[in-house]
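Worksheet for the structure shown next.
All heavy atoms count here, side chains included; hydrogens, waters and symmetry mates do not. Here is the naming used below: chain letters follow the sequence lines, and residue numbers restart at 1 for every chain.
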Amino acid sequence: MDYNHKEIEQRWQKAWKENKTYKTEIDSSKPKFYVLDMFPYPSGAGLHVGHPLGYIASDIYSRYKRLKGFNVLHPMGYDSYGLPAEQYAIQTGQHPEKTTNENIARYREQLDKIGFCYDWDREIRTCDPEYYRWTQWAFIRMFKSYYDKNTDKAESIEKLIENFEKRGTKGINAACGKELIFTAEEWYNMSEKEKSDTLMNYRIAYLGNTMVNWCPQLGTVLANDEVSEGLSIRGGYPVEQKLMYQWCLRVSAYAQRLLDGLETLDWTESLKETQRNWIGRSEGAEMHFKVVDSDVDLEIFTTRADTIFGVTFMVLAPESKYVDLVTTAEQRKAVEDYRNVVKHKTERERQIEKKVSGVFTGAYAVNPLNGKEIPIWVSDYVLVGYGTGAIMAVPAHDSRDYAFARHFDLPIIPLIEGADVSEESFDAKEGKMINSDGGELNLNGMEVKAAIARTKQFIEEKGIGKVKVNYRLRDAIFSRQRYWGEPFPVYYKDDIPYTLDESELPLLLPEVDKYLPTETGEPPLGRAKNWKTKEGYRLELNTMPGFAGSSAYYLRYMDPHNSEALVSKEADEYWRNVDLYVGGTEHATGHLIYSRFWNKFLYDLGVVCEQEPFRKLINQGMIQGRSNFVYRIKDTNTFVSFGLKKDYDVTPIHVDVNIVSNDILDIDRFRAWRPEFADAEFILEDGKYVCGYAVEKMSKSMFNVVNPDDIVERYGADTLRLYEMFLGPIEQSKPWDTNGIDGVNRFLRRLWALFYRGDQFLIDDSKPSADSLKSLHKLIKKVSIDIENFSYNTSVSAFMICVNELTQQKCRSREIYDSLLVVLAPFAPHITEELYHALGHSTSVVDAHWPEWNEEYLKESKVTYAISFNGKARFNLEIDVNTPREEIERMAVEHEQSQRWIEGKTIRKIIVVPGKIVNIVIG
RNA sequence: GCGCAUGUGGCGUAAUUGGCAGCCGCGUCAGACUUAGGAUCUGAUGCCUUCGGGCGUGGGGGUUCGAGUCCCUUCAUGCGCACCA
């Protein structure tokens, strides 16, 4: 009987499915363990070999934990709302649901072939109404909540209203758009609309006029993490800034908690650092500058309060509300012109140009510390969205201010001793202060850090400003002018938004005739006919963004069929949070921030019992493509082999990697590949055509996509699983290279050969030899430690070594193989299941127990000593562990005598550190 | 510019965490078996060598009896953030 991977894998996959081997239920008698993969967006291209890398790693861990006695939750689902399906729908008119379902079916088929231990009864899809009703539900709860900075958590908006009714804004300390002050009476006198607008200033899900990233080509707004360098991540289209009335989530209210929470997480330092950067906490001060001949008070933010005596001008963001307030009549036109120019520049143009530009407002502000009058300018290097949208410019110690001052010939006052500011600014926060005597506040001679602290203290005392912490993290823009997403459970009555009652959920996504905006420019939902309406009132036409559905999906897996709640108390308290989350690092500033925010919000509500959703996170590396090239001699149909191409003028052409093996081209298949190559000629080296290669992104256009189905077909799922793990450390990005896969496949065949020779079953009940026990226990120890550390690649090596040793030893003992199969089972579930049953077990190997290793079997008989004389290391000696020290000394001296210099000298002292060092003092 | 990683044979990688650098696999070479091999098995394989040995973990320096591993410095590559005051 040969190792027939196809037959074995199909048979066991069927058996697992029929027996529901991987079904998981709450079981309070066992400790829980929750292993989660980032669920995929089911794209039309299907899975390539890069996708399963993380899934295999988490599958191994799940199976391992189960063998260790844990009750393991390991679910899978689909992030099924998204732009590609909709773009496809626009082009073809096909309903995105149809293509999505087809893609999901294809994904499922591919996933099943790899033999994962998912509990498919828990599958979820974000576009399933029974799922997205809970996305809508959470939105309603956010709408009905505000963030109370006193209790430092989200609270019911009713509590805020009660306060307004009793005391107005007095005593309110809440996260909000702008600080409002009104009395209970004023609140009472507000119209419904005014009240609604006022509450919007506080709600966690709110409608706001915000500067958004507008992508004209995609026809929608994008979140900050969906834009990179002024281009949309999806599609790479230019993105411009636009003021729009949009739904937003007040993520910024959670900035500090999101930052603090990182400390409790077992994530890589680099990922935490990425999030810290994204949150961008900076401690500084807010200060007020009076404007000359005006009652306007400019509020600015600075982290360098110490440089106050070096301020030579002020700068406002072009969009700042201060601009209109301070600009003089003479300068009005110039300022307006400048604002227009800036407005029509896209974010990308602004970034590429990086030219200094700006205009004087005509107004002057007064430095509150020395009374000096300084000009107020407008420039687009100041961002309206950060701080107060206005800065005090200190050209001597800020490179941007410096460039601006140089360009417009504004004065530069150095404030730090020894700093040469003739060529560039001195930005470092170090050195002794000079030129900083303002009478009451004198910073001269102080170190920068002390000066910052002193200035902050001073301005607080004098009421000129206050200490302030700013965050770079912005509120998330939550509306998309798109069809294929969750509808908002919102309707408008007299222009005032209201949420649907929770009992009315889910609000189903309606059918539309086209997936394009309406003629009047409304989002596609404006085309909905017969949509459920609320007493004839208008429903919200935007849909939610992609991250809405993925923000709490890990909770739904705990209790996927619950129609009463997102997750029951019981399920939440049992499964709590994800113990191990495996996925790509590209979600660092998107999903992984939103999910944490969403979870913290639900925590505040008392819906979930853990503050953080993902306890440990592993970022699997990307698998890149390894493209192959053939080299065509210019203007011919002749191709020259890689090693000879330097003698010709050639054009490299991508060739399908599937007709290349170990960089050798299959010439017949190449000729058949494309009609224009049918009569191709070849210049060969050693009778072969050798292709060149390059590492690139895996993509269709480079013909370097390797489909896991093909690998499974040829080598089997177990080989694929082992090989993907063998490729290198899981976190590392690496090119897919099929060149080494035969080695892994050979290992499985060797394992099989230990059990069967032809039809003869070789295993018996003989007693294992000491050598075999040592080989086995070495393996158990290595793999146990490796899995805990996610070093799967070295585990695969360990399996190979063990099988080689057992082959050499001609080991036939059932006792050895029983344990070996259990340890290998997480990596190669099919072959181990088959062989485990062959050993006479009637239960599945997944229900076995992980074996413990016994150190007794591993004891080394020899130990290495480093021998040194008079502290000078000479050589190492491998000596039997039980050798007495006199014997070690004798061996050492004997060995050294061949070196002669020791002759005639006497030994004075010998220091022996067991198993380490022997130092022999002679003289 | 700032931050975080990573540099080891022809290639992917490993090194009990300071103790014989290169395990395991690919590739290559030699041999065995075979009608045949893109099958299987065995052995060799870091580099140089005058065959004594010498040199080797991006470069330079340091600590140590001993450094791929720790410290300083420098170079290269990858990733993240980026007019964030």
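Looking at D398(A) and S425(A), their side chains never bring a donor and an acceptor atom within 3.5 Å of each other. Residues T589(A) and Y594(A) bring no donor and acceptor atom of their side chains to less than 3.5 Å of each other. A donor-acceptor pair shorter than 3.5 Å can be found between the side chains of Y381(A) and D401(A).
Partner assigned to rG3(B) is rC79(B), using Watson-Crick or G-U wobble distances below 3.5 angstrom. Judged by Watson-Crick or G-U wobble contacts below 3.5 Å, the nucleotide rU64(B) has no partner. Partner assigned to rC33(B) is none, using Watson-Crick or G-U wobble distances below 3.5 angstrom. Pairing partner, rU57(B): none, since no Watson-Crick or wobble contact has both distances short of 3.5 Å. Nucleotide rC24(B) forms a pair with rG12(B), judged by Watson-Crick or G-U wobble geometry with both contacts under 3.5 Å.
Rounded to a whole Å, the CZ atom of F404(A) is 17 Å from the P atom of rC83(B). When rounded to the nearest whole Å, the span between OH of Y792(A) and C1' of rA14(B) equals 18 Å. If you take CD1 of I279(A) and C1' of rG80(B), they are 14 Å apart, rounded to a whole angstrom. The distance between atom CH2 of W853(A) and atom P of rU16(B), rounded to the nearest whole Å, is 16 Å. Taking atom CD of E424(A) as the reference point, atom P of rC83(B) lies 20 Å away to the nearest angstrom. H587(A) places its NE2 atom 16 Å from the C1' atom of rC79(B), with the value rounded to the nearest Å. Here the P atom of nucleotide rU40(B) and the OH atom of Y756(A) are 21 Å apart, to the nearest Å. Between the CD atom of E724(A) and the C1' atom of rG12(B) there is a distance of 14 Å, given to the nearest Å.
When distances run from any side-chain atom of R749(A) to the nucleotides rC4(B), rU40(B), rA15(B), the shortest one goes to rU40(B). For D380(A), whose side chain is taken as the heavy atoms from C-beta onward, the closest listed nucleotide among rC26(B), rG25(B), rC83(B) is rC83(B). Nearest nucleotide to the side chain of I801(A), out of rC24(B), rG38(B), rA85(B): rC24(B). Here rC83(B) is the nucleotide among rC81(B), rC83(B), rC4(B) with the atom lying nearest to any side-chain atom of Y381(A). Nearest nucleotide to the side chain of F726(A), out of rG38(B), rC41(B), rG12(B): rG12(B). Here the nucleotide nearest the side chain of R746(A), chosen from rC26(B), rC4(B), rG38(B), is rC26(B). The N739(A) side chain lies nearest to rC26(B) when the options are rC26(B), rC4(B), rA85(B).
Cation-pi geometry between R596(A) and W278(A) is not met at under 6.0 angstrom from the ring centre and within 45 degrees of the axis.
At the heavy-atom level, L727(A) lies under 4.0 Å from the strands shown only through sugar-phosphate atoms. Looking at heavy-atom distances under 4.0 Å, R281(A) makes no contact with the nucleic acid at all.
Separating the C1' atom of rG66(B) from that of rC20(B) is a span of 11 Å, rounded to the nearest Å. Across the P atoms, rG53(B) and rA21(B) are found 16 Å apart, a figure rounded to whole Å. As rounded to the nearest Å, rU64(B) and rG58(B) have C1' atoms that lie 23 Å from one another. Rounded to whole Å, the P atom of rA14(B) lies 9 Å from the corresponding atom of rG7(B). Here the separation of rU42(B) from rG54(B), taken at their P atoms, is 35 Å to the nearest Å. A gap of 13 Å separates the P atoms of rG18(B) and rG68(B), to the nearest Å. Taking the C1' atoms as reference points, rU8(B) lies 15 Å from rG59(B), given to the whole Å. Between rG43(B) and rU50(B), the distance separating the two C1' atoms is 28 Å to the nearest Å.
Classification of the H777(A)-Y857(A) ring pair by plane angle, with boundaries at 30° and 60°, yields tilted. Ring geometry, F408(A) versus F404(A): the interplanar angle falls from 30° to 60°, so the pair is classed tilted. Using bins of under 30°, 30° to 60° and over 60° for the plane-to-plane angle, the ring pair Y723(A)/F726(A) lands in the tilted bin.
Between E805(A) and the options K778(A), K810(A), K774(A), a salt bridge (Lys or Arg N to Asp or Glu O under 4.0 Å) holds for only K778(A).
Both W278(A) and G387(A) sit near RNA chain B, but only W278(A) has its closest nucleotide nearer the 5' end. Nearest-nucleotide positions on RNA chain B for D401(A) and K782(A) put K782(A) closer to the 5' end.
Side-chain contact between Y471(A) and S282(A) is absent, with no heavy-atom pair separated by less than 4.5 Å. Looking at heavy atoms from C-beta onward, R304(A) lies out of side-chain contact with T455(A) at the 4.5 angstrom threshold.
Contacts between residues 465-474 of chain A and RNA chain B, defined by a heavy-atom separation under 4.0 Å, are made by R472(A), R474(A). Contacts with RNA chain B (heavy atom under 4.0 Å) in residues 728-737 of chain A: P729(A), Q732(A), listed by number.
No salt bridge links E724(A) with K734(A); every basic N to acidic carboxylate O contact stays at or beyond 4.0 Å. Between E263(A) and R276(A), at least one side-chain N (NZ, or NE/NH1/NH2) sits under 4.0 Å from a carboxylate O, which counts as a salt bridge.
Between R276(A) and the phosphate of rC4(B), there is no side-chain N or O to OP1/OP2 separation shorter than 4.0 Å. Residue S282(A) places at least one side-chain N or O under 4.0 Å from the OP1 or OP2 atom of rA85(B). An OP1 or OP2 oxygen of rG25(B) is reached within less than 4.0 angstrom by a side-chain nitrogen or oxygen of N804(A).
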